[in-house]
Amino acid sequence: MTTAALSTSAFLKACRREPDGRTPVWFMRQAGRYMPEYRAIRGKHTMLDLCATPELAARVTLQPVMTLGVDAAIIFSDILLPFVPMGLELEYVKGQGPVIHNPVRSARDVERLHPVDVHESLGYVADAVRMVTTELDGSTPLIGFAGAPFTLASYAIEGGGSRHFKEAKRFMFSEPDAWHALLGKFADIVADLLLAQIEAGAAVVQLFDSWAGQLHPDDYRTLVFPHSRRILERIASTGVPRIHFGVGTGELLEQMRDAGADVIGIDASTDLDTGWQRVGYDVAVQGNLDPVALFAPRDELRKRVHAVLHKASGRAGHIFNLGHGILPETPVDNVRYVVDLVHEWENDRS
Ligand code: CP3
């Protein structure tokens with residue numbers, strides 16, 4: 001197939017809210033530890049090496065496309081990779097997740113962060129995108145992605161994952177100038193990185209603001225929104241659909257739409273129907289099965305998949321996904337079962 005075939009893909013049509021009998025499905029974190037094929041490669045390489053070696057990243061990206069039959073690929077990468085050229089010492093620690101050994105704790109630390117030329121220091125991401133799009137040859141669209149400034153800042157300041165975001169919020173509340181300087185730096189790099197992925201062939205991009213739901217809407221408006229908007233405005237001129245996603249964002253959906261989104265992610269704690277009503281039917285939505293439903297008995301899982309599909313009520317512009325990423329240890333057969341259920345549903349309706 002040629003790239004022209006992409007325009008008829010169910011996923012791209014849904015991103016553009018073009019009517020189509022089919023509901024596309026893919027999963028956040030569809031390449032990962034729940035897959036034996038992934039573990040086999042990961043066992044031989046560190047997470048950073050996997051991301052920075054385009055041949056390996058491309059192979060891992062394609063695994064779920066082959067074994068699950070999903071309607072979109074997402075480039076294998078990580079939102080935290082820009083930390084490395086910025087001078088933040090990133091390590092993925094087994095059983096703990098990402099650790100930043102020299103977290104940002106002062107205005108001085110923000111000043112010290114290196115400017116980044118993404119083509120030079122993160123060129124491997126675009127290289128992997130190029131390899132995957134060549135391999136897919138128009139059969140399946142590829143999603144490029146990056147982390148949004150708030151979520152990146154939370155890792156950079158906390159030094160890793162966090163429960164209460166105490167350090168990040170303390171910095172945000174007490175050093176607003178340094179906070180804006182930090183988010184501004186992330187915004188520049190992230191926009192460059194997304195544009196580089198688009199130039200390399202990404203058909204859609206997703207901005208992950210995973211932890212934005214931790215914020216009061218007033219804080220999101222003044223301390224986060226302008227930076228995410230700056231990124232998404234720069235992408236708008238390319239015409240490539242933008243997915244804007246976060247968890248616990250029920251109260252932020254309208255603002256996230258206004259920051260820039262062709263598709264809004266709806267997490268598992270938000271009703272898809274009300275969420276879509278809130279953002280308006282002139283944007284597409286993506287979601288929103290609870291990732292833990294994939295551990296439930298088949299009957300229960302089927303009911304829950306059908307409930308999400310019913311909530312979308314066949315309206316143009318629904319992309320089936322989870323409310324958040326696939327968890328490690330998720331049974332692969334259940335993931336495949338969900339893909340089949342969504343695809344059969346399409347057949348029922350056409
Ligand atoms: O979706 C995909 O298949 C593409 C790959 C992808 C990864 N990270 C690979 C990864 C994507 C889209 C991400 C995004 C990401 N990374 C987010 C936003 C999405 C979300 O879940 O909210 C965040 C917050 C991160 C930061 C990050 N990277 C964390 C918190 C962790 C540890 C948690 C975990 O699952 O281990 C990572 C590591 C990471 N990124 C892994 C993978 C496959 C696990 C690495 C391993 O040990 O094999």
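Quick note: numbers below take in every heavy atom, side chains included, and nothing from hydrogens, waters or symmetry partners. Both counts, for ligands and for their atoms, begin at 1 and track the order of listing.
- The single protein non-hydrogen atom nearest to atom 41 (C) of ligand 1 is Met47 CE, 3.8 Å, given as residue, atom name and distance.
- Using a non-hydrogen distance threshold of 4.0 Å, Gly161 does not register as a contact of ligand 1.
- Exactly one residue among Val70, Leu309, Asp71 makes a side chain to side chain contact (heavy atoms under 4.5 Å, CB included) with Phe320. That residue is Leu309.
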Are Arg234 and Asp192 close enough, and set up right, to give a salt bridge (Lys or Arg N to Asp or Glu O under 4.0 Å), and what steps lead you there? CA-CA 9 Å; Arg234 280 184 65 195; Asp192 288 348; 2.7 Å; yes
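- With hydrogens left out, the protein atom closest to atom 12 (C) of ligand 1 is Phe145 CZ, 3.4 Å, a heavy atom.
- For atom 9 (C) of ligand 1, the nearest protein heavy atom (residue, atom name, distance) is Ser77 O, 3.3 Å.
- The backbone N or O of Glu254 lies less than 3.5 Å from no partner atom in the side chain of Arg278, so there is not a single donor-acceptor pair.
- Contact analysis leaves Gly147 out of contact with ligand 1, as no non-hydrogen atom separation drops below 4.0 angstrom.
- The ligand atoms of ligand 1 that sit less than 4.0 angstrom from a heavy atom of Phe76 are 9 (C), 43 (C).
- Where the criterion is an N or O separation shorter than 3.5 Å, residue side chain and backbone included, Tyr92 fails it with respect to ligand 1.
- With Ser9 contributing its side chain and Thr140 its backbone, the two residues share no donor-acceptor pair below 3.5 Å.
- Taking the six-membered ring for Trp and the full ring otherwise, Phe83 and Phe186 have centroids separated by under 6.0 Å.
- If you look at Ile75 next to ligand 1, the close heavy atoms, those under 4.0 Å, all belong to the backbone.
- Taking 4.0 Å as the cut-off, Ala31 counts as a neighbour of ligand 1 on heavy-atom distance.
- For the atom pair OG1 of Thr249 and CD1 of Ile264, the computed distance is 7.5 Å after rounding to the nearest 0.5 Å.
- Residues Tyr38 and Arg33 meet the side-chain proximity criterion, which asks for heavy atoms closer than 4.5 Å.
- In terms of protein heavy-atom proximity, atom 47 (O) of ligand 1 is closest to Arg42 NH2, 3.1 Å.
- Of the N or O atoms in Arg29, one or more lie within a sub-3.5 Å distance of an N or O in ligand 1.
- At least one side-chain heavy atom of His227 sits under 4.5 Å from a side-chain heavy atom of His180.
- Counting atoms of ligand 1 from 1 in the listed order, those under 4.0 Å from a heavy atom of His324 are 20 (C), 21 (O), 22 (O).
- Contact analysis leaves Val60 out of contact with ligand 1, as no non-hydrogen atom separation drops below 4.0 angstrom.
- Near Met28, with a cut-off below 4.0 Å to any heavy atom, the atoms of ligand 1 are 1 (O).
- Of the polar atoms of Tyr155, none of the N or O atoms is found under 3.5 Å from an N or O of ligand 1, judged by distance alone.
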